[in-house]
Amino acid sequence: MKLLGISGGPTQSSKTLLAVNAAVDYAYKLDSSIDIEVLNISYFDVQFCDARDPANYEGDARILIDKISDADAYVIGTPMYRGTYTGILKNLFDLIPNESMIGKPVGLIATGGSDHHYLALEHELKPLLGFFFAMVLPGVVYANNSHYSQGKIDSEELLKKLQQLGESIVNFHKILPSDR
């Protein structure tokens, strides 16, 4: 199993990245035979989607398209701005082939200054991933500023939720038919 973590924030260090890393680390602790990788898309120079065939993109866009297509499961995180996920994450979803996530489990994480926008996971990201026929796990994780201190996750409650999410991805993937 290849588990790909994606942090969809525009900064190179973020609370979202911390949460995605923690969930992926918990998955690996449960099953060290899985391959894990976390991508912070702010590290990549990705052009805007211009409706060309995904096979025709090059450079960093090609790298991200291939990594997403090759993964078996995902932990996707985004900070919330103005009640929605980030534009760079939306652009990434616009680039990938429609069939790249079919039947693959996805765990969702969002971060925000307060709990004001937690429903964006349910009303925006779940339907978006439904378009790709991905299997979004129940139990999305939303973290706010009170869960962090001095650049670290400082909430046992949040860590427990991230552990449940990471372990659920592994366990769900194990029960999927192998011929998909």
Side-chain angles (χ1 to χ4, degrees), residues 1-9 12-44 46 54-55 57 59-79 85-86 88-111 121-122 124-143 153 157-180:
M1 172 179 152
K2 291 181 184 177
L3 175 58
L4 184 64
I6 301 171
S7 179
Q12 296 197 352
S13 64
S14 70
K15 294 172 181 154
T16 304
L17 181 59
L18 289 172
V20 169
N21 275 323
V24 169
D25 287 346
Y26 282 123
Y28 186 76
K29 286 177 186 174
L30 179 66
D31 183 351
S32 62
S33 72
I34 66 174
D35 293 324
I36 61 170
E37 183 175 9
V38 175
L39 304 175
N40 183 344
I41 59 176
S42 71
Y43 286 173
F44 295 86
V46 180
Y57 282 93
D60 284 354
R62 171 87 271 131
I63 291 168
L64 291 173
I65 291 167
D66 290 344
K67 286 182 181 292
I68 290 168
S69 296
D70 291 344
D72 299 307
Y74 312 89
V75 172
I76 300 173
T78 182
Y85 53 94
T86 64
I88 61 173
L89 185 59
K90 171 66 168 107
N91 186 56
L92 182 63
F93 282 117
D94 289 343
L95 292 170
I96 63 176
N98 292 349
E99 68 279 359
S100 61
M101 300 177 87
I102 293 174
K104 298 177 183 180
V106 179
L108 292 177
I109 300 169
T111 57
L121 287 164
E122 299 291 333
E124 295 181 22
L125 280 172
K126 280 188 175 181
L128 173 65
L129 289 160
F131 169 83
F132 289 100
F133 291 93
M135 303 183 93
V136 180
L137 299 179
V140 297
V141 176
Y142 190 90
I153 297 173
E157 175 189 5
L158 176 58
L159 289 169
K160 183 68 176 163
K161 288 179 182 177
L162 293 169
Q163 180 180 6
Q164 289 171 337
L165 184 70
E167 291 176 354
S168 293
I169 296 243
V170 172
N171 290 329
F172 188 77
H173 185 269
K174 286 179 181 180
I175 64 170
L176 289 173
S178 60
D179 63 342
R180 357 172 237 113

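Start at 1 with the first residue, then count along the sequence. The model shown is predicted, which means the values in this text are computed figures rather than measured ones.
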Hey, does [Y] have a side-chain heavy atom less than 4.5 Å from the side chain of [X]?
X: Ile63; Y: Leu39; result: no
X: Thr111; Y: Ser14; result: no
X: Phe132; Y: Val106; result: no
X: Asn98; Y: Phe131; result: yes
X: Leu92; Y: Ile68; result: yes
X: Val170; Y: Tyr26; result: no
X: Phe93; Y: Met101; result: yes

Enter the distance from [X]:[atom1] to [Y]:[atom2] here, rounded to the nearest 0.5 Å.
X: Thr16; Y: Leu89; atom1: OG1; atom2: CG; value: 10.0 Å
X: Leu158; Y: Lys15; atom1: CG; atom2: NZ; value: 11.5 Å
X: His173; Y: Tyr74; atom1: NE2; atom2: OH; value: 10.0 Å
X: Met135; Y: Leu137; atom1: CE; atom2: CG; value: 9.0 Å
X: Leu108; Y: Ile6; atom1: CG; atom2: CD1; value: 10.5 Å

With a sphere of 6.0 Å drawn around CZ of Phe44, does it hold more than 12 non-hydrogen atoms of other residues, nucleotides or ligands?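 Enclosed.
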
Do you know which two heavy atoms are closest between [X] and [Y], and how far apart they sit?
X: Phe172; Y: Pro105; answer: CD2-CB, 3.6 Å
X: Leu165; Y: Ala23; answer: CD2-CB, 4.4 Å
X: Ile88; Y: Gly9; answer: CD1-O, 3.1 Å

Pair Tyr85-Ile76, side chain to side chain contact (heavy atoms under 4.5 Å, CB included): steps then yes or no: CA-CA 11 Å; Tyr85 53 94; Ile76 300 173; over 6 Å; no

Look at the side chain of [X] and the backbone N and O of [Y], then say whether any donor-acceptor pair between them is shorter than 3.5 Å.
X: Thr78; Y: Thr86; result: yes
X: Asn40; Y: Gln12; result: yes
X: Lys104; Y: Ser69; result: yes

Of [options], which meets side chain to side chain contact (heavy atoms under 4.5 Å, CB included) against [X]?
X: Val75; options: Leu162, Ile109, Asn21; value: Ile109
X: Ile34; options: Asp72, Leu3, Val24; value: Leu3
X: Asp31; options: Met1, Glu167, Lys174; value: Lys174

From CA spacing to verdict: salt bridge (charged side-chain N to carboxylate O under 4.0 Å, His left out), Arg62, Asp66: CA-CA 6 Å; Arg62 171 87 271 131; Asp66 290 344; 3.0 Å; yes

Evaluate side chain to side chain contact (heavy atoms under 4.5 Å, CB included) for Asn171 paired with Leu30, printing each intermediate quantity in order. CA-CA 9 Å; Asn171 290 329; Leu30 179 66; 3.7 Å; yes

Less than 4.0 angstrom from a charged side-chain N to a carboxylate O is my criterion; do Lys90 and Asp94 meet it?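 Salt bridge present between Lys90 and Asp94.
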
Go through Leu95 and Val46 one step at a time and tell me if the side chain to side chain contact (heavy atoms under 4.5 Å, CB included) criterion holds. CA-CA 10 Å; Leu95 292 170; Val46 180; 3.2 Å; yes

